[in-house]
Amino acid sequence: MDYSQFMIMHHELGLLVVFLLVFLFDTFFSKNLQSKLSVTACVLFGIYTLACFFLPLKSGEAFSGMYATSPIVMSIKNILNVGMFIVLLQSVKWNNSAAQIVRRGEFIELMLLTLFGMFLMVSARHFLVFIIGLETASLPLAALVAFDKKEYESHEAAVKYIFTAVFSSAIYMLGLSFVYAMSGSLYFGDIATRVVGAEGSFLLYVALAFVIAGIGFKISMVPFHLWTADVYQGAPTSVTSYLSVVSKGAGAFAALIILTQVFGSVYSQVWEWMLFILIVLTITVGNLFAIRQNNLKRFLAFSSISQAGYIMLGVVADASVGAAALSYYVLVYIFSNLAAFGVIQAVENATGKVEISDYNGLYKTNPKLSFTMMLAMFSLGGIPPFAGFFSKFFIFSAALEQGSVAMYVLVFIALLNTIVSLYYYLLVVKAMFITPNDNPIERIKSHWSERAGMVVCVAGIILVGLVSVIYTFLNHAADASQMF
Amino acid sequence: MELTVLYYLIPSLIMFGCGVYGFITRKNLIAILISLELMLNSVDINFVVFNRFLFPGQMEGMFFTLFAIAIAAAETALAIAIIINIFRVVKNVDVENLTKMKY
């Protein structure tokens, strides 16, 4: 066996090294040093994230084509790394709290493992590797959702998450078994060449419906979204922020790879209209339910459902510009959503309050936190000149690139929904700045790590949209990747 | 009598249907977990049968099944651990008690 092919897995190997270092630190270092564990993990992961940016972008495969990498895949891995780094940074304070101290190491290790699974998902070119990556990503997440052992909600959320996750992967694997029956192979490339003739076949419709349903569960598309709000509300806030950005971004990119590389030839006959219906439902239902929420974490859960619909516009675009727009959207979404979750976490750690009505008059006492939250809401809603506007613009124009009437209708519906979403995003801003309140949340002195996380996010929200090099870079990476 | 693909596929699909039905209707968390196992196992049967009858020259489906069994075992272990936690908190494993978070 040629061991040099391992060298192509830079991201995975680096992540494993970080994981092992954290594990050794956690296992062998003395009690006094243990309190530095979260910070050490942050620093190690930060160095690794930075180092990954300097890797040369190139394509290649390993393990006889089961694993492949390309410039756009490496870019999305870098983007996920950034999200993971911010999540780790924001979790430092919570991870050092008294209840968390005995399982501080496990938290970071499980987080790193799920990221490893997501990298495998994104890089897989064989369904066995993909399934292993998918499970490596979702099983530790279930354990993480149950991490608040004292909170009843955490357990309820975990049981809902694990059951829907297993149910969805069972459905997904049933679809895969039909794909296997049709093509006799689990390699993406082999399947792609063998399903071409099967355009009218009923089996193909069933298989694709199951595969899309399985992925839809992971990225919480309507009607497979029922677990989302409960899990987001019950899970520890660090885990919620991780679920809502990194997990969703990886799932959406994996969906893009599977649908275009394996089923790209049956695009217009089979899955274009399936995704069309799902996206319309996802954006609309997510928006409508977000309006009536009062708990901020639930509110962001429904907002993230509707954002998943926008992200999937990049998949339905079925072109390399779609892949670039999707990666860019995920990057912007990471910054905007993590800024919002950073504020929620800072307030929750200090006071335990998570209702929107608790935020009434927050501006009077905590102007900086309110400002960060406002920027996050503006960016999520897509108000220029913040990054959210540009990401929506690029993903809409990528979907329009297809040129069909259906895409114009889809983008029009998405645009209408953007207006609805502005209403509820601005409700939060209104609560913080306008609604009078006699006794607002007292002045909060947030931990340095939380502040650092928020500064990174705010910088991202403002700069990612204005620095046009980023999108150009992603576009070149997608063009160079030969995915289509 | 010769056994064809259908003799294996129909039971496996019935198994899958039973799993889905049980997942939706059962009230006990353990029973739901058993239904999930039924679904996962029926998928395994599917893979093995397709491999054996349609593509006898290769082993891809068999290997997939081996990995799928291991993954199912891991999932069960984790789900059981979470159910035990639930039991410690609410003293039973009935889904009707898990309704604090809704809508």
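By convention in this document, chain letters (A, B, ...) are assigned in the order of the sequence lines, proteins followed by strands, and residues within each chain are numbered from 1. Small disclaimer: the values here were computed from a predicted structure and weren't measured.
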Given heavy-atom pairs under 4.5 angstrom as the criterion, report whether the side chain, backbone, both or neither of [X] touches chain A.
X	value
B/Thr76	neither
B/Asp44	neither
B/Leu98	both
B/Phe16	side chain
B/Val90	side chain
B/Ile83	side chain

Atom CZ of A/Arg103: over 12 foreign heavy atoms under 6.0 Å: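 Counting other residues, nucleotides and ligands, CZ of A/Arg103 exceeds 12 neighbours.
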Contact origin within A/Glu156 toward chain B - heavy atom pairs under 4.5 Å: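 Both parts, heavy atoms under 4.5 Å.
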Chain B contact via A/Ser183 - side chain, backbone, both or neither, heavy atoms under 4.5 Å: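 Contact with chain B is through the backbone of A/Ser183 alone.
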Distance, nearest 0.5 Å, that separates CD1 of B/Ile71 from CE of A/Met173: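 Going from the CD1 atom of B/Ile71 to the CE atom of A/Met173 covers 6.0 Å.
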Straight-line distance of B/Gln58 CD to A/Leu186 CG, nearest 0.5 Å: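 Answer for the CD-CG pair, B/Gln58 versus A/Leu186, is 8.0 Å.
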Selection from A/Ala143, A/Gly234, A/Ser185 maximising heavy-atom pairs under 4.5 Å formed with chain B: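 The residue among A/Ala143, A/Gly234, A/Ser185 with the greatest pair count is A/Ser185.
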Flag side-chain contact, heavy atom, 4.5 Å: B/Phe64 against A/Tyr180: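 A side-chain contact is absent here, since even the closest heavy-atom pair is not under 4.5 Å.
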Criterion side-chain contact (heavy atoms from CB on, under 4.5 Å) on A/Ser138 and B/Glu75, from CA distance to verdict: CA-CA 10 Å; A/Ser138 63; B/Glu75 276 164 349; 5.6 Å; no
